[in-house]
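Structure first, then comments.
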2 protein chains.
Amino acid sequence: MSRTQPARRPRAEDASPETTAPLAGAPADLVIGPLGGFLGYALRRAQLAVFEDFRRSVGRLGLRPAQFSVLVVIDASPGLKQSEVAAALGIQRTNFVAMVNELERLGLIERRPLDRRSVALHLTPAGAAKLKAALQAQYAVEERYARLLGPGGRERLLDLLGAVQTAPREG
Amino acid sequence: MSRTQPARRPRAEDASPETTAPLAGAPADLVIGPLGGFLGYALRRAQLAVFEDFRRSVGRLGLRPAQFSVLVVIDASPGLKQSEVAAALGIQRTNFVAMVNELERLGLIERRPLDRRSVALHLTPAGAAKLKAALQAQYAVEERYARLLGPGGRERLLDLLGAVQTAPREG
């Protein structure tokens, strides 16, 4: 980098109306066109925003969203087989085995042999304590969404998302 | 693998009520506990389902969701700078440059120099034709969701997702 201008020098072209007007305070749909009306795009943007909320709340306990969901399921249904937990969460087997290995290494869950071919998953005491703190943080986030979305809004959103998820897939 | 049993032999343990009852036709919340009531989980599952719909519709034209969104934005706002398209879509710069490179290699978009430091993005005729077909496929998917979600349901879902996305992030 041999440039001699200060890094913060204002750039004239950044202020030219031809290029920045659509982004400066204009409704987003002027820039992104019909995209904001497509469910896949709206879902992805909302999901990324909520995962960012997660990172700032439950994430501070050292858990990623998928790890949190695995702990919740094992707590709700202790003794399920690995394959059943993976199926309930819609996680592919290979990814799931890696995740279980990591949670076990962290001392949060343990595998107990069910028979010669399968193992059941249980929380350790440390895992149960971590999950309790995580649930507390998550319930606070959900309460914030409930206030944000107004009376019945959060429940309606969950219903609509459930309908989308369980819709028959075509094609 | 030296096992001698046929691979498709039914497994007795798979049918034992202790391990499969919660998954067999029972409401999902018996297995996943409070998870189904958390917005992040519900959003992620719905988003994955809708991306699967995309794969079966627009995806047949050889486009991934993020590529489709870039074409839509360039069509809606031709001549935007790379950095502006990336910002409008919330895509990180490095990922975005790789995506633009690929779309250019596919002959769907072109870079035109704006000045010494930035380039503007435009669709090629092939890109415009591809986008037209993609939009047609996408509108058919959206109409299916509109029927699925009942009167006003799709619009309400888009409103709620927008509120979640633009909520102030705490922490």
Side-chain angles (χ1 to χ4, degrees), chain A residues 13 19 22-23 28 31-35 37-54 56-57 65 69 72-73 75-77 80-81 84 87-90 114-115 117-118 135 138 142 144-145 148-149 153-154 156-158 160-165 167 169-171, chain B residues 13 19 22-23 28 31-35 37-54 56-57 65 69 72-73 75-77 80-81 84 87-90 114-115 117-118 135 138 142 144-145 148-149 153-154 156-158 160-165 167 169-171:
Chain A
E13 70 269 34
T19 56
L23 285 174
V31 176
I32 65 173
L35 201 54
F38 294 151
L39 268 189
Y41 179 76
L43 279 167
R44 180 64 172 158
R45 292 302 298 259
Q47 180 251 309
L48 288 173
V50 168
F51 273 37
E52 175 62 22
D53 290 334
F54 182 95
R56 298 174 186 208
S57 57
S69 67
V72 172
V73 171
D75 183 54
S77 308
L80 278 191
K81 291 184 205 173
E84 291 168 328
L89 291 170
L114 264 182
D115 54 51
R117 273 179 294 197
S118 51
L135 284 170
Q138 183 60 34
E142 298 293 332
R144 188 158 62 80
Y145 292 133
L148 171 79
L149 299 175
R154 184 176 155 281
R156 178 83 170 122
L157 178 53
L158 287 168
L160 290 163
L161 292 173
V164 166
Q165 188 203 323
R169 311 257 85 84
E170 278 184 7
Chain B
E13 69 269 33
T19 55
L23 285 173
V31 176
I32 65 172
L35 201 53
F38 294 151
L39 267 189
Y41 180 76
L43 280 167
R44 179 65 173 160
R45 293 301 299 258
Q47 180 252 310
L48 289 173
V50 167
F51 272 37
E52 175 62 22
D53 290 335
F54 182 96
R56 297 173 186 209
S57 57
S69 67
V72 172
V73 170
D75 183 53
S77 308
L80 278 192
K81 291 185 206 173
E84 290 167 329
L89 290 170
L114 264 182
D115 54 52
R117 272 180 293 196
S118 52
L135 284 170
Q138 183 60 34
E142 297 294 331
R144 189 158 62 78
Y145 292 132
L148 171 79
L149 298 175
R154 185 177 154 281
R156 177 82 171 122
L157 178 52
L158 287 169
L160 289 163
L161 293 173
V164 167
Q165 187 202 324
R169 312 259 83 86
E170 278 184 6

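Chain identifiers are assigned alphabetically (A, B, ...) following the order of the sequence lines, protein sequences preceding nucleic acid strands; residue numbering begins at 1 within each chain. These numbers come from a predicted model, not from an experiment.
For the pair G37(B) and L158(A), the tightest heavy-atom approach, listed with the atom from each and the gap, is O-CD1, 3.7 Å. The heavy-atom pair separating A46(A) from L43(B) by the smallest distance is O-CD1, 3.9 Å.
L135(B) touches chain A through its side chain: at least one heavy atom from C-beta onward sits under 4.5 Å away, while N, CA, C and O do not. Within the 4.5 angstrom heavy-atom criterion, no atom of F54(B) approaches chain A. For a residue to count as touching a neighbouring chain, one of its non-hydrogen atoms must lie under 4.5 Å from one of that chain's; by this rule S57(B) does not touch chain A.
Looking at residues two or more places apart in sequence or on another chain, you find no salt bridge (Lys or Arg N to Asp or Glu O under 4.0 Å) involving D75(A). For R154(A), the salt bridge (Lys or Arg N to Asp or Glu O under 4.0 Å) partners at least two apart in sequence or on another chain are E142(A).
Most heavy-atom pairs under 4.5 Å with chain A, from the set Y41(B), F38(B), F51(B): that is F38(B). When the candidates A42(B), G153(B), A49(B) are compared by the number of heavy-atom contacts under 4.5 Å with chain A, A49(B) comes out ahead. Taking L89(A), L48(A), L39(A) one by one and counting their heavy-atom pairs under 4.5 Å with chain B, the maximum is reached by L39(A). By number of non-hydrogen pairs under 4.5 angstrom with chain B, the leading residue of V50(A), L160(A), V72(A) is L160(A).
Taken from CZ in R45(B) to CD in Q165(A), the straight-line distance is 4.5 Å, to the nearest 0.5 Å.
Put simply, the side chain of Y145(A) does not reach to within 4.5 Å of the side chain of L157(A), judged on heavy atoms.
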